[in-house]
Amino acid sequence: MHKHKTNSTLGSKLDAVSKSLKQSIKNLDSYTHVRGESLYVDDVNVRQGTFHAVVFDSPKAHGKIKHIDYSKAEALEGVERIFTYKDVPGKNQIGGIIPDEPLFAENDVHFWGMPIALIVAETEFIARKARSLIDIDIEELPVITTAKQAKANGSFINAPRSFSLGDTENAFKDCEYIFEGETFSNGQEHLYIEAQGAYAEPLENGNIKITSSTQGPTAVQKTTAQVLGLAMHKIEVDVTRLGGGFGGKEDQATPWAVMVALATFHLNQSVKLILNRHDDLRMTGKRHPYESSYKIGLSKDLKILAYEAEFLQNSGAAADLSPAIAERTLFHATNSYFVPNVTTTVISCKTNLPPNTAFRGFGGPQGMFVIESAIAKAAHEIGVSPRQIQEANLLDENDTFSYGQIAKKVEAKNTWHSAKKIFNIEDLEQEVEDFNKNNSSFKKGLAFMPITFGISFTNTPMNHARALVHIYLDGSIGISTAAVEMGQGVNTKMMQIAADVFSIPIEKIKIETTNTTRVANTSPSAASSTADLNGKATLKACKALLERLKTVASEDLNTSEDQIELKDEFVYVNNKKSNLSWTELISKTMLKRVALTENAHYATPEIHFDKTKEKGHPFAYHVYGTAIITTTLDCIRGTYEFDSVKIVHDYGKSMSEGIDLGQVEGALAQGIGWMTMEEIAYNDDGKLLSNALSTYKIPDIFSVPKEVEVIPVETDGNDMAILKSKAVGEPPLMYGIGAYFAIQNAIKAFNPNYDLKFHAPMTPEKVLMGLYENN
Ligand code: LUZ
Ligand code: MOS
């Protein structure tokens with residue numbers, strides 16, 4: 001069904017990457033995945049006597065709790081105990097950035113699905129039954145579900161943030177064209193295949209071990225310690241892998257882990273909690289919906305001279321990661337364009353939805369949708385193709401971003417023009433034009449989507465990682481880092497790094513679980529930075545060990561260290577193979593009492609940001625790319641298919657082509673889903689209506705583009721990326737934004753009276769109405 005091309009003449013420079021890295025290695029987790037052997041939290045071999053838990057949550061979005069009667073639930077046979085805020089020995093507080101989120105509701109509730117109590121019973125079935133026996137009386141208060149309502153009510157999470165460059169007010173005076181408008185982009189459900197869950201077990205001396213499906217083991221450890229009033233060293237958090245995270249487990253894996261730890265603390269027995277899909281959908285936050293307004297000013301020759309935008313972020317009932325996400329919206333508000341005069345403001349609006357949270361792109365996609373909408377609007381009004389405006393404003397070397405960073409090693413124009421050339425844009429556009437001439441009930445639309453995404457946690461202090469590398473006596477290796485494997489293939493990349501440094505087969509390397517006792521004080525696996533940060537630390541540790549091994553080898557072979565090389569499991573002297581094998585070298589090192597363990601720390605150099613001025617150099621580098629998306633619309637039904645998505649992507653020098661291609665494809669599908677079919681709906685009472693897969697449509701094998709072609713752009717790579725292999729997790733999601741505009745262009749081809757709308761997702765219902773409006 002798919003056509004993939006990752007090699008081309010453009011990719012020839014990839015040959016510079018060393019052999020063992022260049023191999024198009026498979027994600028090594030795929031073997032256990034297909035056999036059903038991969039272990040998730042629900043697969044943990046629980047101890048005898050383990051209790052099972054279910055969360056009792058608010059059945060109203062806003063109100064005062066007048067009375068709760070647990071007596072019938074408690075009386076049910078098999079119910080062990082019901083825990084509430086009254087059972088919290090430390091602080092009933094889980095807010096990460098702002099302490100505004102209780103673990104359990106106390107006197108009032110702020111969203112439908114807000115945890116109130118944890119029911120612990122012999123089986124999950126009994127706990128669920130008990131939940132249905134709880135009576136609650138809530139005095140309802142007014143419910144806010146949209147950011148605009150929140151703004152009108154003065155309901156905010158924190159103070160607004162603004163970035164500015166140049167002087168928009170004056171620049172608008174020089175503009176030939178000025179357009180204003182409003183946009184909306186909806187939330188998005190993460191729909192990780194593995195729902196949220198955790199398992200806690202008591203160890204001796206009141207220590208607790210938690211197995212969690214989290215992207216942030218340290219966040220779980222720290223918050224559990226805070227809620228239980230314990231020192232962090234009493235809490236051990238272990239993560240084998242996640243069945244998907246997508247940001248949904250950066251912060252929101254924490255409460256469930258804390259709850260089971262609390263129950264274990266009191267009962268001195270292990271406790272397991274796995275949310276079922278309904279509970280997960282109702283209780284957890286999603287991508288933030290944004291209501292935004294913009295003003296764009298252009299010169300006669302289509303240069304964007306000035307851009308203003310106000311982003312109203314629907315943050316939900318507590319801060320969670322909203323302030324950080326808001327910030328990234330500002331960082332990416334001008335996408336791949338250089339705009340000399342920019343004023344952007346983001347306002348985190350407090351509503352009665354579950355606290356919205358990190359989701360692949362982290363506010364960036366929401367910002368980019370607005371400027372792409374502004375460009376589409378301007379193009380429509382001026383009577384040019386949007387791609388003329390896009391092309392006239394692409395970032396160039398040494399352009400300044402609104403936050404002060406100077407763009408370096410920019411691939412915006414390179415990917416754009418490569419895409420035009422490689423994919424024969426003239427032919428593509430001719431095909432679309434001919435098709436539209438010859439068909440009345442089907443229309444095609446085409447759109448370009450350039451992307452520019454900054455790599456690093458925008459919060460500079462978070463950009464660090466450590467790796468602990470053991471070489472065992474037999475020459476096998478165990479590596480611990482903070483990287484959480486969630487399907488993205490980071491473990492395979494770590495193995496590749498060590499295998500490359502030591503020149504040994506990948507089978508000799510094992511990536512250990514992510515565990516807070518082996519690697520402490522870690523940042524979450526997020527921000528597309530996991531392989532960079534943890535990979536650089538791993539590389540550093542392996543290189544330090546290599547130096548030590550070379551010293552031992554040179555002593556043993558009576559030569560100098562600089563003559564020594566490790567190659568294919570043997571020591572080479574002056575490019576000649578010696579008799580000293582890898583395993584013998586390891587035993588000799590051990591006999592000499594030289595350490596075979598190394599712990600390395602990596603902190604991204606060069607980055608800084610001054611929040612008082614909103615200026616700095618927050619990103620290690622940027623990832624660039626350009627997608628061309630073509631769609632065919634069924635103008636009778638309002639349904640659509642994507643004919644093709646053709647991408648020129650900036651991988652740097654990909655160290656794992658198969659894994660990176662998988663990330664591009666997955667992100668693209670997720671981005672298209674967000675823009676076209678995934679429709680989160682709450683009613684005015686704040687109840688989630690899209691609470692199952694029957695009412696929430698996500699992309700499947702039938703809706704993904706018929707053809708996806710990804711070509712790596714020719715580039716020197718970037719030393720700030722691990723082995724020059726750039727971060728790939730989030731950036732390609734934003735290619736999906738092009739799907740919205742491709743569909744809109746097809747609607748325009750059918751209905752010349754169509755009024756452009758910027759209200760995502762572009763569902764078939766909206767398409768159908770657009771096709772026949774104003775006629
Ligand atoms: N998480 C975070 C992220 O804490 N900070 C970030 O800058 C970020 N960016 C993307 C995704 N997750
Ligand atoms: Mo994130 S949105 O957890 O990289």
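Just so we're clear, the structure is a prediction, and the values are computed from it rather than from any experiment. Both counts, for ligands and for their atoms, begin at 1 and track the order of listing. Basis for what follows: all heavy atoms, side chains included, without hydrogens, waters or symmetry-related copies.
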**OP:** Please work out whether any backbone atom (N, CA, C, O) or any side-chain heavy atom from C-beta onward of E730 is under 4.0 Å from ligand 2, and answer side chain, backbone, both or neither.
**Re:** side chain
Original post:
Under 6.0 Å between the ring centres of Y40 and Y192?
Top reply: no
Original post:
Of the backbone atoms (N, CA, C, O) and the side-chain heavy atoms from C-beta on, which set of A324 has a member under 4.0 Å from an atom of ligand 1: side chain, backbone, both, or neither?
Top reply: neither
Original post:
Can you list the atoms of ligand 1 that are under 4.0 Å from a heavy atom of E730?
Top reply: 10 (C), 11 (C)
Original post:
Hey, looking at atom 7 (O) of ligand 1, which of N463, I455, T458, N459 has the closest heavy atom?
Top reply: T458
**OP:** Using heavy-atom distances, let me know which of F453, F362, F619 sits nearest atom 12 (N) of ligand 1.
**Re:** F362
**OP:** Tell me whether the centres of the aromatic rings in F619 and Y403 are closer together than 6.0 Å.
**Re:** yes
**OP:** Between A527 and ligand 2, find which residue part has any heavy-atom pair under 4.0 Å and reply side chain, backbone, both or neither.
**Re:** backbone
Subject >> Point-to-point distance, once rounded to the nearest 0.5 Å, from CE of M494 to OG1 of T538 >> reply: 5.0 Å
Subject >> Protein heavy atom at shortest distance from atom 5 (N) of ligand 1 >> reply: F457 CD2, 3.3 Å
Subject >> Cationic N near anionic O, under 4.0 Å, K249 to E194 >> reply: yes
Original post:
E250 to ligand 1: N or O pair under 3.5 Å?
Top reply: yes
Original post:
Can you list the atoms of ligand 2 that are under 4.0 Å from a heavy atom of F359?
Top reply: 2 (S)
Original post:
When you look at NZ of K409, are more than 12 heavy atoms from neighbouring residues, nucleotides or ligands closer to it than 6.0 Å?
Top reply: yes
Original post:
Does a side-chain N-to-carboxylate-O contact under 4.0 Å join E189 and K286?
Top reply: yes
Original post:
Has K726 got its NZ or CZ under 6.0 Å from the middle of the six-membered ring of Y621, at an angle within 45 degrees of the ring axis?
Top reply: no
Subject >> Distance (rounded to the nearest 0.5 Å) between T676 OG1 and M762 CE >> reply: 10.0 Å
Original post:
For ligand 2, which atoms, with element, lie under 4.0 Å from some heavy atom of R360?
Top reply: 2 (S)
Original post:
For the atom pair OG (S529) and CE (M462), what is the distance rounded to the nearest 0.5 Å?
Top reply: 9.5 Å
Original post:
In the protein, which heavy atom is nearest to atom 9 (N) of ligand 1, and how far is it?
Top reply: R328 NE, 2.9 Å
Original post:
Which of the numbered atoms in ligand 2 are below 4.0 angstrom from a heavy atom of Q215?
Top reply: 3 (O)
Original post:
H278 and R282: side-chain donor and acceptor closer than 3.5 Å?
Top reply: no
Original post:
By number and element, which atoms of ligand 2 are closer than 4.0 Å to a non-hydrogen atom of F362?
Top reply: 2 (S)
Subject >> Proximal atoms of ligand 2 relative to G247 (non-hydrogen, under 4.0 Å) >> reply: 1 (Mo), 2 (S), 3 (O)
Original post:
What about E250: any of its N or O atoms under 3.5 Å from an N or O on ligand 2?
Top reply: yes
Original post:
Looking at ligand 1, does M462 have a heavy atom less than 4.0 Å from it?
Top reply: yes
